[in-house]
Amino acid sequence: MKVLIVDDELDVEQLYRQRFRKEIKAGELNMMFAFSANQAMEFIAQLAPMDIVLVLSDINMPGLTGFDLLKFIREKYSHLKVVMVSAYGDPDNMNKASSLGASGFLVKPIDFTILKEKIFNLK
Amino acid sequence: MEENISIDFLIKVLRKVFLFQNLPDHLVKKLSESILIKDFASNAVIINKGDEGNTMFVIISGKVKIHDGKEQVAEISEGNFFGEMSLLDDEPRSMSVTAVEKTSVAIIHRNDFFNVLNDFPAISKNIITQLTRQLRTQNTVLIEQLRSREKELNDLVDKRTAELATRNSQLTHALEDLQRSQQQLIQQEKLASLGQLTAGIAHEIKNPLNFVNNFSQLSLEILEELKETTDETEKNEILNDIKSNLEKINNHGKRADSIVKNMLNHSRTRNDEKQPTDLNKLCDEFLNLAYNGMFANNPDFSCFISANYSPDIPKVKVFSQDISRVLINLFNNSMYAVNKRKKTGELSYKPSVEVNTSILNSDVVIEIIDNGTGIPKEMVDKIFEPFFTTKPAGEGTGLGLSLSYDIITQSHNGKISVESELGKFTKFTIIIPTT
Ligand SMILES: [Mg+2]
């Protein structure tokens, strides 16, 4: 299964790849990374969208935010699940995420045990 | 001659006049026959200064004052005479004469007077004596007036000096008060801009701390995997990962450290010396802080940031805390402006803030351009004035830009200017000399 991770911090790639090393090696998981909302939109549009099952997106990014990406996905790719990830776990942000149609909200630093559950529950 | 005054009476009056004391009887009689009598009410003007004069006057009854405008030279009564000067020198009247009370005068015409003078030249001595007396009296009066004038002036000078001293000490107090409140305001503005930053700073620190936590936790876990595995390739792979993770921990630790340092710098009172500073780095750090701060306070906020830093900029000696206050101020303003315009719901609006640095004639030029709400033309000129703000009450101290202006122009010998078009853009240009 394919997961697209969107965050403006480049180091998240190393973090996720190591965290899910076993799963990636075993071919259970395919991870893609985009470092801005724009880049994520391009990926989603270019790749066979059916491949991706989950988008994990940061909210606070220069240019378009994670909310802009969430709106874009909800409008055009309604089958895609989006989980928002942010250092701001305040009610405003969470309410906005759910009202825009996010499937979940994770507060940084990410609890990877919960994240793993979320991903594999999708199967 | 009026009928009710007899010649005898006039002769008596004339006899009393010093001028005519020695005059033989027949001449006094002759003179009294040609005299005109005239009555003046109190305050009536008898002679106007500057008038032509061919008569002299003898006071029969009453009192007159001799004066020049408001300056009184003498007050004379019955038996005295006046107006003789013009008679002698043919010049216009040198003083005015006004009745102080109801006054009756005998008027002697020039021709009659000179006839008497011809018949009795000894009268000249009387005239000279009288004139000398008058001159002496007038002199004394004038000197007295001068003295009292001088005293008045001295008193006035003393009074004014005392007033000035009081005023001066009031002003000194006011100035001290002003300086004190200015210091307080500067401190408030510092705290306010720090307040705006706090959310951004918290986020900026939280991100690297998250990485430190994640990477160290991760390293602990894969160390366990290392113990378990026997595969050499996998062992190497894990060791490389751990090494790389430790590097990440180190980097993000330093990142958090530098943010805390900056924050302390910002709130601390200024160093006494300017330090060589990388202005590009300073711009970038505070651009990030402003962006994150804005986002933390407005979850809806988003904006495109474009930063073009010239690699040719040398380190410049500046008070970096002060410059960073200017930057954070301008960044906050520009982001506030794009956010405000975005809220108007304008279709296809793409909020963006652009930061450019360049070098021009050995000056560093920093441009901060936003496509926000812009500033009305009539306000552009006032924008650097203290307490001027376009923000609603409570959202700005109105001091940010005026302090920024002082920091750039006074502490750094530089320039700060603004260009704007309402509803289109605002561009701030800062010029800091490198030498
Ligand atoms: Mg982010």
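Sequence lines set the chain letters: A, B, ... in the order given, protein chains first and strands last, and positions in each chain run from 1.
- When heavy atoms are compared at a cutoff of 4.5 Å, B/Ser244 approaches chain A by way of both its backbone and its side chain.
- In summary, the side chains of B/Asp231 and B/Thr229 do not present any donor paired with an acceptor at a separation below 3.5 Å, with no hydrogens or angles considered.
- Of the atoms belonging to B/Ile238, it is side-chain heavy atoms, and not backbone ones, that fall under 4.5 Å from chain A.
- A salt bridge links B/Glu247 to B/Lys243: at least one charged side-chain nitrogen sits closer than 4.0 Å to a carboxylate oxygen.
- Residue contact with chain A, scored on non-hydrogen atoms closer than 4.5 Å, involves the side chain of B/Ile222 exclusively.
- In this structure, A/His79 and A/Tyr77 have perpendicular ring planes: the angle between them is above 60°, well past the 30° mark.
- Chain A forms the most heavy-atom pairs under 4.5 Å with one residue out of B/Asn207, B/Asn213, B/Ile305, B/Leu209, and that residue is B/Asn207.
- There is no side-chain donor-acceptor pair under 3.5 Å between A/Lys118 and A/Ser103.
- With respect to A/Glu28 and A/Lys22, no salt bridge is recorded, no charged nitrogen being found less than 4.0 Å from a carboxylate O.
- The contact between A/Ile110 and chain B is made entirely by backbone atoms, counting heavy-atom distances below 4.5 Å.
- Proximity to chain B (any heavy atom under 4.5 Å) is shown, for A/Asp8, by neither the backbone nor the side chain.
- If you measure heavy-atom distances from A/Lys108 to chain B, the contacts under 4.5 Å come from both the backbone and the side chain.
- Comparing B/Phe211, B/Phe295, B/Phe304 by how many heavy-atom pairs each has under 4.5 Å with chain A, the most go to B/Phe295.
- Between A/Glu9 and B/Arg255 there is a salt bridge, since at least one side-chain N of the basic residue sits less than 4.0 Å from a carboxylate O of the acidic one.
- In this structure, CZ in B/Phe428 is found 12.0 Å from CZ in B/Phe331, a value given to the nearest 0.5 Å.
- If you measure heavy-atom distances from B/Asn245 to chain A, the contacts under 4.5 Å come from both the backbone and the side chain.
- At a 4.5 Å heavy-atom cutoff, the contact between A/Asn60 and chain B is made by backbone and side-chain atoms alike.
- Ring planes of A/Phe112 and A/Tyr16: perpendicular class, angle over 60° (limits at 30 and 60°).
- Within 6.0 Å of atom NZ in A/Lys116, more than 12 heavy atoms from other residues, nucleotides or ligands are found, so the atom counts as buried in its surroundings.
- Highest contact tally toward chain B, considering only A/Asp11, A/Thr65, A/Asn93, A/Leu64, is held by A/Asp11 [criterion: heavy-atom pairs under 4.5 Å].
- Heavy atoms of B/Phe215 lying under 4.5 Å from chain A belong to its backbone as well as its side chain.
- Of the two parts of A/Arg17, neither the backbone nor the side chain holds a non-hydrogen atom closer than 4.5 Å to a non-hydrogen atom of chain B.
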